[in-house]
Asker: 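Input: one structure, supplied below.
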Amino acid sequence: MLTSIIIDRVGSTNVFNIVQESGVSNPALKANERLQSIIDDDLIAEYLEELGRIANISRSLSSLPRGSEESQALIFQHLNLSHKLREIGEALFKQFFPAPLQEFIRDSQQSYLYFHVDAALASLPLEILHDGTAFLWEKFYVGKAIKGQDISLSDFHPREIINMLIIADPREDLDWARREGELLFEHLGAFVSPKKINLTLIGGKTVTKLNILNSILDKDIIHYAGHLHHSGNPDENGWLLADGKILYAREFKMSGAQPKLIFCNSCLSARSDEHAGDASWYAQFAAAFIRAGRTSYVGTNWELPDRQPTLEFTTQFYDHIFQGKSLGESLQQSRSHAREHFSLNDLTWASYLLMGNPMQTVFRADSLLPDVTRNMLEPEDVTGHYPYPIAEAFEKFHRIFADKSERGENGGEESLKALFYLFSQVLFFLTGLVLANYRIFNFPKPIAFPFPHVEKSLAALFSALGAIRAIKAHPLAVNLLETLYVHKENLEKIANLRKKYRAGGVKESDFETYTITVQYLMEALLIDLDFLRHYGFYLIVEPGHRQLSFHGVERHHTHRDIILPTQANAMTYTELLEKTSYLVGRCVFYSPVKKTFLDLSPFMRISAEADGTYNFAFTKTKAG
């Protein structure tokens, strides 16, 4: 399954050894043959220069306004950067690998290819060499290690719960890096269960070296988006922070941090102009971080444009990681997605490489031991973090359920009524949320909020969702549209059961069966709505960045800063002051990543009472 190719370089001579699972065998060798090649440094340097030139063209094209498909096709026909990569990749493949090894690579049926290279070859992107039929990354899950820093699978034990740190724009001068960190934080929060990931986001000028050194200690994955500092001494490489400070690799090493993976997207992830001719630049930068622990490193060979494709590639990679795939497979799948879906001359797919064992798996998707809590709803999560109307209704049901369990009683009519109340509160909140999104798009046909009618509210919910989906848009909350369509049939089923119960069509002997069914369906929905905790549900009490949170039941309501750690700056404070000035007294749903408020006041209101408490209520609206 794994083929390792060890490459020593002495002068201009490369000496190869092949190691398979059975040991060193050099199966490519015939009698009296040696696996050696001679390739001069100037040819390698010329290849890297041409690679950089092609990457620069791709980067320049990405900054041009998007034209028609016809003009894009003409540009592609004229430049055809993928073909140029293939040409130079195939030429170097023939020079770099001896003929028997070329044949072995072409004919190999192995999935994983792991290069162990001399430091002088560390920046040579072997994965985008071309064997005449395909790039190596297309045929294999490829990884690379500098000799002496090889990572064995025995060094790794996949985790069932990942501690992940995102460091974004610590100098506050790369807006794309800040957005990458925030959007990745939002994406993983929406699509990865909190039972599988503990996610931390830090960034901005408030981040100090001590903050980072403390934050990295218990992390399995560290994602960095920002400036890199390069030095001729590997231990003096590092991450640039505010006020000209640098977190050096030697400090990272001394911290005792042992991340499984460092993923680095930055403006200097490749050779800077000053080191354009240095074929070992990548090794000089990444090596210190890799040898600081049993760490794999994903970075880029050249500077990437500050665009959506970079983020999309990154999220694709993490999606595969959290499906339990290996680093090598995750990278290959992300490359394939990029080449298939990105623009014609976009070379994001060719930009990344893995320094580490491609067979390494960071996350274990399937537990080795039975874990009955993995897909169970935690009551404290709902009552502490879900929007108030959902949390309040759930606590009411859970209190009844707990009391009956303590008395040894099964679920009866009281439990069933509490479940139907929970269902209606969840439905009304989601309908109001979706209709608020619907209004943003200014559809010509208005849709009423028919509170307190459950069946009509359900119809209004999916009518609005269908219109949003038809224009290929998304609600403010990432994953909301997909989640609701997944549960559409179950929501309709609960609505029908409720209607039958209210019509007197349920026998007393069937209460327990109905209770079990509705409880199961509601808990499945609430588990999938967990991403709502990453958004704000606030009463805007005054203009500014500190508002009254209505997450959880009443005991959890408190004034909170609504900004992310990466947003603690004067520009954000001013922006939020302006945006909230016209929302005072209104109930809102807030995306901290997009810094966007949804005015929910047409559908629900929160009013202050004379005794200092607050009253929540849904509000019926007409279609007009």
Asker: Tell me whether Ser334 contacts the main-chain N or O of Phe317 through its side chain, where contact means a donor paired with an acceptor under 3.5 Å.
Answerer: yes

Asker: Specify the closest pair of heavy atoms between Ile128 and Phe135, including all atoms of both residues, with the distance to one decimal.
Answerer: O-CD2, 3.3 Å

Asker: For a side chain to side chain contact (heavy atoms under 4.5 Å, CB included) check, start with the C-alpha distance between Ile5 and His116, then their side-chain angles and the critical distance, and finish with the verdict.
Answerer: CA-CA 6 Å; Ile5 299 179; His116 307 254; over 6 Å; no

Asker: Over all heavy atoms of both residues, which pair between Thr361 and Pro158 is shortest? Give the atoms and the distance, please.
Answerer: O-CG, 3.3 Å

Asker: What about Phe342 and Trp349, are their ring centers closer than 6.0 Å?
Answerer: no

Asker: What's the separation between atom OG in Ser82 and atom CG in Asn345, rounded to the nearest 0.5 Å?
Answerer: 7.0 Å

Asker: Are the side chains of His223 and Met164 in touch, meaning some heavy atoms are under 4.5 Å apart?
Answerer: yes

Asker: Run the salt-bridge test on Glu172 and Arg178 with the 4.0 Å N-O cut-off and return the result as yes or no.
Answerer: no

Asker: Judged by atom type as modelled, is there a donor-acceptor pair below 3.5 Å linking the side chain of Asn56 to the main-chain atoms of Arg53?
Answerer: no

Asker: Run the ring pair (Phe, Tyr, Trp, His ring centres under 6.0 Å) test against His534 and tell me which residues pass, sequence neighbours left out.
Answerer: Phe185

Asker: Enter the distance from Leu85:CG to Glu50:CD here, rounded to the nearest 0.5 Å.
Answerer: 9.0 Å

Asker: To the nearest 0.5 Å, what is the distance between CD (Gln258) and OG1 (Thr295)?
Answerer: 6.5 Å

Asker: Do Leu121 and Asn14 come within less than 4.5 Å of each other through their side chains, counting heavy atoms only?
Answerer: yes

Asker: Please check: side-chain N/O of Lys245 versus main-chain N/O of Lys209, any donor-acceptor pairing under 3.5 Å?
Answerer: no

Asker: For Val478 and Tyr535, run side chain to side chain contact (heavy atoms under 4.5 Å, CB included): C-alpha distance rounded to whole Å, both residues' side-chain angles, the deciding distance at 0.1 Å, then the answer.
Answerer: CA-CA 10 Å; Val478 174; Tyr535 298 86; 3.6 Å; yes

Asker: Output the distance between atom CG (Leu188) and atom OG (Ser193), rounded to the nearest 0.5 Å.
Answerer: 12.0 Å

Asker: Of the non-hydrogen atoms in Gly189 and Leu199, which two are nearest, and what is the gap between them?
Answerer: N-CD2, 4.1 Å

Asker: To the nearest 0.5 angstrom, please state how far the CG atom of Leu354 sits from the OG atom of Ser296.
Answerer: 5.5 Å

Asker: So, the side chain of Ser351 versus the backbone of Asn301: is there a donor-acceptor pair under 3.5 Å, distance only?
Answerer: no

Asker: Is the ring centre of Phe96 less than 6.0 Å from the ring centre of Phe16?
Answerer: yes

Asker: Could you note down all residue pairs passing side-chain hydrogen bond (donor to acceptor under 3.5 Å, both in side chains) where residues 86-95 supplies at least one of them, sequence neighbours left out?
Answerer: His83-Glu87

Asker: Restricting to side-chain hydrogen bond (donor to acceptor under 3.5 Å, both in side chains), what partner residues turn up for Ser330, sequence neighbours left out?
Answerer: none

Asker: Can you tell if the side chain of Pro125 reaches within under 4.5 Å of the side chain of Leu51, non-hydrogen atoms only?
Answerer: yes

Asker: Quick one: do Lys594 and Glu186 make a salt bridge, cutoff under 4.0 Å?
Answerer: yes

Asker: Is a side-chain donor or acceptor of Asn479 paired with a backbone partner of Ala190 at a separation under 3.5 angstrom?
Answerer: yes

Asker: Quick check: do Ile39 and Ile44 have side-chain heavy atoms less than 4.5 Å from each other?
Answerer: yes

Asker: Report yes if the side chains of Ile216 and Ser255 come closer than 4.5 Å at any heavy-atom pair, otherwise no.
Answerer: yes

Asker: Hey, is the main chain of Leu564 close enough, under 3.5 Å, to the side chain of Gln567 for a donor-acceptor pair?
Answerer: yes

Asker: Tell me whether Glu46 at atom CD has more than 12 heavy atoms from other residues, nucleotides or ligands lying less than 6.0 Å away.
Answerer: no

Asker: Gly256 and Leu217: which non-hydrogen atoms are nearest, and at how many Å?
Answerer: C-CD2, 4.4 Å

Asker: Between Glu160 and Lys196, does at least one N-O distance fall below 4.0 Å, as a salt bridge requires?
Answerer: no

Asker: Any side-chain to backbone donor/acceptor pair from Thr572 onto Ala568? Under 3.5 Å, distance only.
Answerer: no

Asker: Assert yes or no for the condition that the ring centre distance of Tyr318 to Phe191 is strictly below 6.0 Å.
Answerer: no

Asker: Testing the basics here: between Leu113 and Pro358, what is the closest heavy-atom pair and its distance to 0.1 Å?
Answerer: O-CG, 3.8 Å

Asker: Look at Asp220 together with Lys260 and state whether they make a salt bridge at an N to O cut-off of under 4.0 Å.
Answerer: no

Asker: Counting N and O atoms only, with roles assigned by atom type, does the side chain of His337 sit under 3.5 Å from a partner on the main chain of Gln333, one being a donor and the other an acceptor?
Answerer: no

Asker: Apply side chain to side chain contact (heavy atoms under 4.5 Å, CB included) to Gln36 and Ile38, showing your working.
Answerer: CA-CA 7 Å; Gln36 292 185 358; Ile38 298 176; over 6 Å; no

Asker: Grab the two heavy atoms, one from Gln110 and one from Ser108, that are nearest each other, plus how far apart they are.
Answerer: N-OG, 3.2 Å

Asker: Would you say the side chains of Asp40 and Ser12 form a donor-acceptor pair under 3.5 Å?
Answerer: yes

Asker: Where do Asp169 and Thr566 land on the side-chain hydrogen bond (donor to acceptor under 3.5 Å, both in side chains) test, with the steps shown first?
Answerer: CA-CA 8 Å; Asp169 189 23; Thr566 51; over 6 Å; no

Asker: Taking the six-membered ring where the residue is Trp, are the ring centres of Phe263 and Tyr352 under 6.0 Å apart?
Answerer: yes

Asker: Below 6.0 angstrom between ring centroids: does that apply to Phe93 and Phe97?
Answerer: yes

Asker: Would you say Gln109's side chain and Asp107's backbone share a donor-acceptor pair under 3.5 angstrom?
Answerer: yes

Asker: Side-chain contact, heavy-atom cut-off 4.5 Å: Ile105 with Leu136?
Answerer: yes

Asker: When Thr3 is tested against each of Phe104, Phe140, Tyr112, Tyr114 for side chain to side chain contact (heavy atoms under 4.5 Å, CB included), which residue passes?
Answerer: Phe104

Asker: Checking Asp42 now: which residues fulfil salt bridge (Lys or Arg N to Asp or Glu O under 4.0 Å) with it, not counting sequence neighbours?
Answerer: none

Asker: Is any side-chain heavy atom of Leu81 closer than 4.5 Å to a side-chain heavy atom of Asp346?
Answerer: no

Asker: One pair to check against side chain to side chain contact (heavy atoms under 4.5 Å, CB included): Ile162 and Asn198. What are the steps and the verdict?
Answerer: CA-CA 6 Å; Ile162 295 294; Asn198 296 317; over 6 Å; no

Asker: Side chains of Ile202 and Ile166: closer than 4.5 Å at any heavy-atom pair?
Answerer: no

Asker: Give every residue pair that meets the side-chain hydrogen bond (donor to acceptor under 3.5 Å, both in side chains) criterion with at least one member in residues 132-142, sequence neighbours excluded.
Answerer: Asp131-Thr133, Asp131-Lys139, Glu138-Arg339

Asker: Just verifying a value: how many Å separate Ile88 CD1 and Glu49 CD, rounded to the nearest 0.5 Å?
Answerer: 11.5 Å

Asker: I'd like to check the salt bridge (Lys or Arg N to Asp or Glu O under 4.0 Å) partners of Lys595; sequence neighbours left out, ordered by chain and number.
Answerer: Glu575

